[in-house]
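The block underneath contains the structure these notes are about, expressed in structure tokens.
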Amino acid sequence: MTAPVLSASDPTAIDRGIAVLRVGGLVGIPTETVYGLAADATNGVAVAGIYAAKKRPSFNPLISHIASIEMAEELVVFTSLARKLAEAFWPGPLTLVLPRAANCPVNELASAGLDTLAVRMPAHPVAQDLIRQFGGPVVAPSANPSGGVSPTTAAHVASGLGDRIDLVLDGGAAKVGLESTVIGFDGETPVLLRKGGLPRRDIEAITGRLSDVRPGAATSSPGMLASHYAPSARLRLNALQAKQGEEWLGFGRFAGTRLNLSPAGNLTEAAANLFAYLRELDGSGATHIAVAPIPDEGLGEAINDRLNRAAAPRMTD
Ligand code: TXA
Ligand code: MG
């Protein structure tokens, strides 16, 4: 049986979502970045259910979503810099990885054996209402089978996981379209663990120059596998035009005939379209996709990060 998709404008939507969370079930929820697969963060069976539904490796920890800084303070220990970042960018596409608080109620599985926990306050009103009225933290990875393309619509969630979850709340297309930027700390020094929907320069305005994570470093983000966000089709990046047998994914003046991430060359628009267009090309049966060059600045850094992972050799290769 496939999970019902309920419009978030239905007056019973939040209550039905909460009812599923209370019994340890799984709900697809809209956030401003991508759709998440939500479960009660304090319920070990529910958290284990997320790993099972996504077929996610158990070494890859989950983000706890909260509705207020007070809720986050029950879970993790803030440094003063972390607090500044939370005050500047929450709610929004920023995840902070911090030491677990002494009596952190979030199930240990969500930390995957680390002594840290990732926390984020989403900006989407449906996610906020759900967490606030549920009254506690909700773990939510992107709502896609592990290794696949993240979902930016309720229909993407239903097609990837519909038969393994209980409910999907439809809150429209995700506005940002890329997962949150993840910041960890090496002592007091902030480290960019995952490029994402909050551009590096916005964060650096507060932190100064951010160091990039060294591969294999103790603070690294276990989820950042080389091959990830992968459609079935093969990608060729920085292409100037499609060759025979390739579909074309354009940007700006590298327009081609079909899909263009942003005809105006706008990186915000390109980010919002990226995952949906990769899915569309995949769905059309394309086996090879040539992608136009994307400038490596602002949100372009995270777009190029996802494209590079989507183009990387697969673990099954
Ligand atoms: O925008 C987002 O972040 C979305 C929405 C639903 O909030 N969520 C999301 O979750 O992208 P997920 O599970 O697909 O990615 C979480 C990333 C992974 O790369 C994971 O390894 C990293 O955050 N992460 C989580 N907890 C961590 C921890 N304690 N230490 C280091 N990295 C952590
Ligand atoms: Mg993910």
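For ligands, and for the atoms within them, numbers begin at 1 and follow the listed sequence. Below, each value reflects all heavy atoms present in this structure, side chains not excepted, and no hydrogens, waters or symmetry copies.
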Q | Salt bridge present between Lys195 and Glu301 (N-O < 4.0 angstrom) | A | yes

Total protein N/O/S atoms sitting under 2.8 Å from the Mg ion (ligand 2), waters ignored, is 1

Sorted by chain and residue number, the salt bridge (Lys or Arg N to Asp or Glu O under 4.0 Å) partners of Arg83 (sequence neighbours excluded) come out as Glu73

### Task
Return a yes/no value for Ser111: is any of its N or O atoms, backbone included, closer than 3.5 angstrom to an N or O of ligand 1?
no

Atoms of ligand 1 under 4.0 Å from any heavy atom of Thr116, numbered from 1 in the order shown, are 28 (C), 29 (N), 30 (N)

Discussion item. Do Pro293 and Phe251 have side chains that approach each other closer than 4.5 Å (heavy atoms only, starting at C-beta)?
Written reply: no

Residues at least two apart in sequence or cross-chain that pass salt bridge (Lys or Arg N to Asp or Glu O under 4.0 Å) with Arg164, listed by chain then number, are none

Looking only at non-hydrogen atoms, the one of Pro57, Ser146, Pro61, Pro93 nearest atom 26 (N) of ligand 1 is Pro61

Connected to Ile63, directly or through other members, by ILVMFWY side-chain contacts below 4.5 Å are none

| request: Compute the shortest N/O to N/O distance between Ser142 and ligand 1 and return yes if it is under 3.5 Å, no if not. | output: yes

Keeping the roles fixed (side chain from Ser180, backbone from Pro93), state whether a donor-acceptor pair exists under 3.5 Å. no

Has Ser111 got a side-chain atom pairing as donor or acceptor with Gly113's backbone, closer than 3.5 angstrom? no

Next item on the list: Using a strict cut-off of less than 4.0 Å between a Lys/Arg side-chain nitrogen and an Asp/Glu carboxylate oxygen, indicate whether Arg194 and Glu179 qualify as a salt bridge.
Entry: no

With heavy atoms and a 4.0 Å threshold, my read on which part of Arg56 contacts ligand 1 is side chain

Could you tell me whether Arg194 and ligand 1 have an N or O pair separated by under 3.5 Å?
yes

